[in-house]
Asks: 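Below you'll find the structure I mean.
Chain letters run A, B, ... following the sequence lines, proteins first, then strands; residues in each count from 1. Side chains are part of it too, since the values below use all heavy atoms of this structure and drop only hydrogens, waters and symmetry mates.
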Number of protein chains: 2
Amino acid sequence: MPEPDTDAGSGPRPGAGGTRPTSRDVARAAGVSQATVSLVLGDKWRGRVSERTARAVRVAAGDLGYRPNLAARSLRLGATRTALLVVPALTHEYFARVYAGAAEVADAHGFGVVLYPSPAGVGPARDPFGSARTAIDGVIASSMAADALAAIGDGGLPLVMLDSDPDVPGGPPTVNLAVADGLRQVTRHLLGLGHRRVAHIAADVDTWTFRVRTEAVTAELAAAGLPPAPRRLSALDVTAARDAAVAALTAPGPRPTALLCDDDILAAGACKGARALGLRIPQDVSVSGFDDLALSSALDPELTTVRLPAESIGRHGMTALLALLAGRPAPPVELPLTLVPRASTASAPRG
Amino acid sequence: MPEPDTDAGSGPRPGAGGTRPTSRDVARAAGVSQATVSLVLGDKWRGRVSERTARAVRVAAGDLGYRPNLAARSLRLGATRTALLVVPALTHEYFARVYAGAAEVADAHGFGVVLYPSPAGVGPARDPFGSARTAIDGVIASSMAADALAAIGDGGLPLVMLDSDPDVPGGPPTVNLAVADGLRQVTRHLLGLGHRRVAHIAADVDTWTFRVRTEAVTAELAAAGLPPAPRRLSALDVTAARDAAVAALTAPGPRPTALLCDDDILAAGACKGARALGLRIPQDVSVSGFDDLALSSALDPELTTVRLPAESIGRHGMTALLALLAGRPAPPVELPLTLVPRASTASAPRG
DNA sequence: GGCCGGACGTTATACGTAACACCAGGCGGC
DNA sequence: GCCGCCTGGTGTTACGTATAACGTCCGGCC
């Protein structure tokens, strides 16, 4: 049979526009069979291939610029060694940091991570992961609404949930932040400064992680013998939060002396609202955030907030998914949070 | 190193009733051959399969919950219909918005987009895309340093560069923002307000998009008969920018009346620095940014800045890559920028 | 000398899909 | 009566990889 193959291992041919070399090309160049190439490059050759042959294979692979065809490998193995990370929004710094943590652990185990930013949870059940049409082995989903969860479950893939209700019976393994405790810390911090009229600027987002925040604040106020904080909903957006703050500060009755915000972005808006009314922060009104975004130390005054270990939750999430893929159980995790007191909160004004 | 976890996808999954159905299972259920299933589900059956048979196939596929094996499809087609978007950092809102634009166009063409956030451009040449080990058809790379570009080029994949030097002979197609013009607009804005002593807070990042900013500012000042602005380098970081601003404002000689910043993040730091010195913005010193991040309207006063059409550059980038993949040329693109004057700049103080 | 077994490789196969080449029957034209 | 053509499919193959099953040489031991 005629062999039009001209390249007899003469020299490197990187990215010359031709087709990519396969393991068979490497085999030909090294004078061995394709199986041997696979063994050597897959590091499974101890005691089955001589040192000299292995070296020859590696040299040939290097010369040709061989890179394995990942689609073929995935097909053969029935696994892609890739995880999908579903997040509600990428523009929120928190999720970018979660990704970084997940990628770190994945990398250490030879796994990849692919991101799918889903504006509204996830898409229709038929094709939950719209534009991320990549073959994946498992899913890590962060801060998903309940109906979105159902759509993901349909995929039949191993699943780990981040920042989601851990008490669903038969639900997927969860990795959570101690969000409730974090907001208790904030509330106690404000109470400790003498504040008795606290307005709560909450995000109008129907996810577990935001729902528990309100419960925690209310419970902590009740424990101190105070009524629930007036709660103002707002989109997770500076302008909406500004309006909510203005509404809270101009509502009938005695003016709140503190604005407890569920997110740093809301806190930034709250600061603008307070200033628009001529109030000074923190002398006239204290403002607290939640997240410790870069934004929070860019503001003036710097924001009292709660630091979220975003990278850590990403690491734990990936670790849990790897456990699932290996057939091991993934016990639930809850990570502690720490209050970061800064300049935007101070003692309540007298009067 | 966990070895025996390779059979992750092949184990029987309780919810799905065994292993995932293949096109052959669908064929069996519908009483046709696998080839017919492929034709029907691939929408290539017009005039080759009867309406009735096609319907039967679709019903069977739906009943079984069939989803094509993407690895097998990619192997067969030699293409993955997936693009890789390489960005320097995800925590910067700009890149998240670029992604959104790229994903929009990709989706409309049945393509997927996978993100690879590369802390330092890209990784070593051997495996440029570290944790994003997914089979891809092409690359869109944004704001890459020169050496990183070389590593990407080695991949031999179609490549589109965003925010990169368009004048490299034989270089890849580029999609750019008119960054130089944007900074000229800012400079003229400040000159028009009477500022004659402008300090330039620049990012210490060796990429084209930041290099041209300094050139543009210097050229525009020279055109007005002014010496180059004292330039202070800073990491792309609030604290570093704060220090740079303090240094600029306390340097020997007459104090600058304006701080021209290459990025909104730098501007946020500059504001903090100015305030730390007891200066009011904009009465004592004007501050301008660049990007129009959400941050810029969260600051107080709101930042004069330049709006970047991030989604648009993502859309154009993906469009260019699709052209390349179709064998068509991708002419260079340059998108115009618009100045957004807000409250952080005002007339230069007299004296 | 025959036989065993380690060292060193090779041959063959399957993964699931898409598409090319073929084929059976019916029908109209000449 | 034969050809050509249209309709509605089917058999088969190849994509590139990983690995199970199978050889082959050769030194050593009873």
Side-chain angles (χ1 to χ4, degrees), chain A residues 1 5 19-57 60-61 64-81 110 133-135 137, chain B residues 3-11 18-57 60-61 64-81 110 133-135 137:
Chain A
M1 99 184 42
D5 193 342
T19 51
R20 259 174 62 175
T22 73
S23 62
R24 220 171 305 262
D25 296 328
V26 175
R28 208 150 26 219
V32 298
S33 74
Q34 180 266 332
T36 304
V37 172
S38 185
L39 286 175
V40 171
L41 267 37
D43 249 16
K44 297 204 148 53
W45 59 282
R46 304 158 254 239
R48 304 177 53 74
V49 175
S50 73
E51 189 84 41
R52 206 160 59 92
T53 306
R55 193 163 34 237
V57 167
L64 293 173
Y66 170 71
R67 309 236 314 145
N69 180 314
L70 297 171
R73 173 179 290 173
S74 297
L75 176 58
R76 174 68 230 250
L77 294 178
T80 60
R81 301 187 79 77
R133 58 194 90 224
T134 302
D137 289 347
Chain B
E3 197 78 51
D5 61 5
T6 50
D7 70 334
S10 63
T19 50
R20 253 176 67 177
T22 73
S23 61
R24 220 172 304 263
D25 296 328
V26 175
R28 213 159 10 229
V32 297
S33 74
Q34 180 267 331
T36 303
V37 173
S38 185
L39 285 176
V40 171
L41 267 37
D43 248 15
K44 295 203 151 43
W45 60 281
R46 303 159 251 239
R48 306 179 51 75
V49 175
S50 73
E51 189 84 42
R52 206 161 59 93
T53 306
R55 193 163 35 237
V57 167
L64 292 173
Y66 170 72
R67 308 240 311 147
N69 181 316
L70 297 172
R73 172 179 291 173
S74 298
L75 176 59
R76 175 67 234 249
L77 294 179
T80 60
R81 300 186 80 75
R133 56 194 91 225
T134 301
D137 289 346

Asks: What heavy-atom pair brings A:V37 and A:V57 nearest, and what distance separates the two atoms?
Replies: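 Nearest pair, atom of A:V37 first, then A:V57: CA-CG1, 4.0 Å.
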Asks: Please list, by residue number, the residues of residues 22-43 of chain B whose heavy atoms come closer than 4.0 Å to an atom of DNA chain C; answer none if no residue qualifies.
Replies: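 Heavy-atom contacts with DNA chain C come from B:T22, B:S23, B:R24, B:Q34, B:A35, B:S38.
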Asks: Could you check how far CG of A:L75 sits from P of D:dT17, rounded to whole Å?
Replies: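 Going from A:L75 (CG) to D:dT17 (P), I get 12 Å.
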Asks: For B:R52 and for A:A72, locate the closest nucleotide of DNA chain D by heavy-atom distance; then report the residue assigned to the nucleotide nearer the 5' terminus.
Replies: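 The residue mapped nearer the 5' terminus is B:R52.
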Asks: What's the CG-C1' distance between B:L64 and C:dG16, to the nearest Å?
Replies: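 Taking CG of B:L64 and C1' of C:dG16, I get 15 Å after rounding.
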Asks: Output the distance between atom CG (A:L39) and atom OG1 (A:T53), rounded to the nearest 0.5 Å.
Replies: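 Output value for this atom pair is 11.5 Å.
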Asks: Let me confirm one number: the CZ-CZ distance from A:R48 to A:R46, rounded to the nearest 0.5 Å.
Replies: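 Those atoms lie 11.5 Å apart.
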Asks: Report the distance from atom CG of B:L77 to atom P of C:dC20, rounded to the nearest whole Å.
Replies: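 In whole Å, C:dC20 P and B:L77 CG are 11 Å from each other.
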Asks: Distance check needed: C:dG9 P versus A:E51 CD, whole Å only.
Replies: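 Between P of C:dG9 and CD of A:E51: 11 Å.
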Asks: So which one's nearest nucleotide on DNA chain C is more toward 5', A:A54 or B:N69?
Replies: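 First, find each residue's nearest nucleotide; the 5'-ward one identifies A:A54.
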Asks: Distance check, rounded to the nearest 0.5 Å: B:R67 atom CZ versus B:N69 atom CG?
Replies: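 B:R67 CZ to B:N69 CG: 11.0 Å, rounded to 0.5 Å.
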Asks: Would you name the heavy atoms of A:G110 and A:R81 that are closest together and state the gap between them?
Replies: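 Nearest heavy atoms, A:G110 then A:R81: O-NE, 3.5 Å.
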Asks: Determine the minimum heavy-atom distance between A:A29 and A:L64, stating which atoms define it.
Replies: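 Residues A:A29 and A:L64, closest heavy atoms: CB-CD1, 4.1 Å.
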Asks: Which is it for A:L41 and A:Y66 under the side-chain contact (heavy atoms from CB on, under 4.5 Å) test, yes or no, and what are the steps along the way?
Replies: CA-CA 10 Å; A:L41 267 37; A:Y66 170 71; 3.5 Å; yes
Asks: Mind calculating the distance between CZ (A:R73) and P (D:dC15) to the nearest angstrom?
Replies: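 From A:R73 CZ to D:dC15 P: 19 Å.
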Asks: Could you give the distance from OG (A:S23) to CZ (A:R28), rounded to the nearest 0.5 Å?
Replies: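 So the OG of A:S23 and the CZ of A:R28 are separated by 10.0 Å.
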Asks: Calculate the interatomic distance between A:R67 atom CZ and D:dT17 atom C1'; express it in whole Å.
Replies: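 Rounding to the nearest Å, CZ of A:R67 and C1' of D:dT17 are 15 Å apart.
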Asks: Is there, by distance only and without an angle test, a donor paired with an acceptor across the side chain of B:R48 and the base of D:dG9 below 3.5 Å?
Replies: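 Result: at least one qualifying N/O pair found.
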Asks: It should be established whether B:R76 places a side-chain nitrogen or oxygen under 4.0 Å from OP1 or OP2 of nucleotide C:dA19.
Replies: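 False: B:R76 side-chain N/O out of range (4.0 Å or more) of C:dA19 OP1/OP2.
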Asks: Measure the CG-OG1 distance between B:D25 and B:T19 for me, rounded to the nearest 0.5 Å.
Replies: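 Nearest 0.5 Å value for the CG-OG1 distance: 7.0 Å.
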Asks: Taking any heavy-atom pair under 4.0 Å as a contact, classify A:T53: base, sugar-phosphate, or nothing.
Replies: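 Result for A:T53 = sugar-phosphate.
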Asks: At how many degrees, to 10°, do the end axes of the helix from C:dG1-D:dC30 to C:dC30-D:dG1 meet when each uses five pairs?
Replies: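 Here the helix ends are tilted 70° relative to one another.
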Asks: Please state how far atom NZ in A:K44 lies from atom C1' in D:dT19, giving the value in whole angstrom units.
Replies: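 Interatomic distance, NZ of A:K44 to C1' of D:dT19: 10 Å.
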